[in-house]
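To start, the structure under review is shown below, and the notes come after it.
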Amino acid sequence: MTWSLIARDADGSVGLIVASKFFACGGVVPFCGAQVAVASQAFCNPVWGTEGRKRLAAGERAQEVLDDLVSRDEGRAIRQTHLMDAHGGFAAHTGAECVDWAGHILGDGHSIAGNMLAGPEVLEATSETYMAKSDCPFAERLILAMQAGEAAGGDKRGRQAAGLVIHHGEEHPWLSLRADDHADPLVELARLWDVAQERYVHFTKGMPTANAFSGSPTRDGIDAAIAAAEEERKAAGRPSSSAAIEYE
């Protein structure tokens with residue numbers, strides 16, 4: 001029902017992006033942490049995600065965790081998952097009864113898995129584009145990679161939902177975007193990423209972390225950064241991508 005991409009950026013950030021002709025896939029497939037990620041798809045088993053994330057965060061290797069999950073699940077033939085451990089290792093499982101086309105790729109710093117796809121070219125295009133776009137911001141790179149996979153055929157049933165999660169070294173996400181029921185969900189994710197850069201990404205610079213419990217307890221610097229981004233956008237003649245309505 002789905003294909004997804006897990007990756008680790010050069011700065012250590014962890015990202016997982018998913019698209020599917022399945023409602024709210026962004027709420028079902030991704031299980032990410034500060035340094036690890038699990039995508040549970042096909043006939044999803046969310047315990048693969050929750051248990052897998054916990055064990056990977058504790059230092060277990062991806063292949064060891066996956067082998068154990070597969071061996072214990074009587075539904076293994078209809079499951080698909082791929083995961084990344086805290087050491088940067090990847091592992092993947094595509095059950096023998098996942099609907100064609102189904103398969104996975106373990107690449108350089110990333111993994112991709114999908115089922116009910118137009119063909120292997122979907123994963124190949126996703127991987128190739130991800131590798132080729134290393135000069136792009138991480139969120140944009142992930143979205144562009146998935147859009148390339150969609151252009152190669154994507155989910156053979158159509159489009160409905162997409163989700164993107166990025167962690168910057170914390171258990172809580174730095175960015176979490178979803179299009180749960182949309183005619184062009186990856187385009188919608190791209191729009192949401194544009195909107196995030198107007199205010200949200202500047203706000204996150206003051207958010208608390210595990211090592212800075214209070215974060216920035218004032219708005220010093222945040223409002224100035226938002227204003228500067230707004231001025232730059234207007235000077236470039238770019239209209240806001242936001243659908244927000246402001247009351248006077």
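This one's a predicted model, so the numbers in the text were calculated from it and none came from an experiment.
- Between Leu123 and Leu117, the closest side-chain pair of non-hydrogen atoms falls below 4.5 Å.
- Using a distance-only test at 3.5 Å, with no hydrogens or angles considered, no donor-acceptor pair links the side chain of Arg141 to the main chain of Cys136.
- In this structure, the side chain of His202 engages the main chain of Gln197 through a donor-acceptor pair within 3.5 Å.
- At a threshold of 4.5 Å between non-hydrogen side-chain atoms, the residues Pro30 and Val18 count as touching.
- Residues Leu106 and Met84 are members of one and the same hydrophobic cluster, defined by side-chain heavy-atom contacts under 4.5 angstrom among Ile, Leu, Val, Met, Phe, Trp and Tyr.
- Under the 3.5 Å distance criterion, the side-chain polar atoms of Glu230 are left unmatched by any main-chain donor or acceptor of Glu198.
- Counting only distance, with no hydrogens or angles, the side chain of Arg53 and the backbone of Val38 share no donor-acceptor pair below 3.5 Å.
- Under a 3.5 Å cut-off, the side chain of Asp180 and the backbone N or O of Phe23 do not form any donor-acceptor pair.
- Side chain to side chain, His110 and Ser127 meet the donor-acceptor criterion of an N or O pair below 3.5 Å.
- When atom types are taken as modelled, the side chain of Thr209 and the backbone of Ala212 share a donor-acceptor pair closer than 3.5 angstrom.
- Side chain of Arg76 to backbone of Ser71: a donor-acceptor contact under 3.5 angstrom is found.
- Between His82 and His104 the shortest side-chain heavy-atom distance does not fall below 4.5 Å.
- At distances below 3.5 Å, at least one donor-acceptor pair connects side-chain atoms of Thr129 with backbone N or O atoms of Ala125.
- Both Met146 and Ile112 are part of a single hydrophobic cluster, where members link through side-chain heavy atoms under 4.5 Å apart.
- Heavy-atom neighbours of Lys54 NZ from other residues, nucleotides or ligands within 6.0 Å: at or below the threshold of 12.
- With hydrogens and angles disregarded, no donor-acceptor distance shorter than 3.5 Å links the side chain of Asp85 to the backbone of Arg61.
- Electrostatic pairing of Arg55 and Asp68 counts as a salt bridge here, judged by a charged N lying under 4.0 Å from a carboxylate O.
- Taking a cutoff of 4.0 Å between a charged side-chain nitrogen and a carboxylate oxygen, Glu188 and Arg178 do not qualify as a salt bridge.
- In this structure, the side chains of Trp193 and Glu140 come closer than 4.5 Å at one or more pairs of heavy atoms.
- If you take CG on Asp194 and CD1 on Ile143, they are separated by 8.0 Å, rounding to the nearest 0.5 Å.
- Within a 6.0 Å radius of CZ in Phe203, no more than 12 heavy atoms belonging to other residues, nucleotides or ligands are found.
- Side-chain contact of Trp48 with Thr81: a donor-acceptor pair under 3.5 Å is absent, judged by distance alone.
- For Thr126 and Trp3, the side-chain atoms include at least one donor-acceptor pair closer than 3.5 Å.
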Checklist line | Stepwise side chain to side chain contact (heavy atoms under 4.5 Å, CB included) check, Asp73 with Asn45 | finding: CA-CA 9 Å; Asp73 192 340; Asn45 183 336; 2.9 Å; yes
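- Taken from CD1 in Ile17 to CD1 in Ile166, the straight-line distance is 8.0 Å, to the nearest 0.5 Å.
- Side chain of Arg159 to backbone of Asp184: no donor-acceptor contact under 3.5 angstrom is found.
- Note: His168 NE2 to His172 NE2 = 10.5 Å, rounded to the nearest 0.5 Å.
- In this structure, the side chains of Val65 and Gln63 stay at 4.5 Å or more apart for every pair of heavy atoms.
- Between Ala37 and Leu56, the shortest heavy-atom contact is O-CD1, 4.1 Å.
- Within a 6.0 Å sphere centred on CZ of Arg199, other residues, nucleotides and ligands contribute 12 heavy atoms or fewer.
- Side-chain contact check for His167 and Ser13: no donor-acceptor pair (N or O, by modelled atom type) lies under 3.5 Å.
- With a 6.0 Å radius and a threshold of 12 heavy atoms from other residues, nucleotides or ligands, Asp108 has its CG atom at or below the threshold.
- The closest side-chain heavy-atom distance from Ser20 to Arg157 is below 4.5 Å.
- Between Phe138 and Tyr130, the two ring planes are perpendicular [angle over 60°; tilted spans 30° to 60°].
- With contacts defined as side-chain heavy-atom distances shorter than 4.5 Å, the pair Ser216/Lys205 does not qualify.
- Looking only at side-chain heavy atoms (C-beta outward), Trp174 and Val201 come within less than 4.5 Å of each other.
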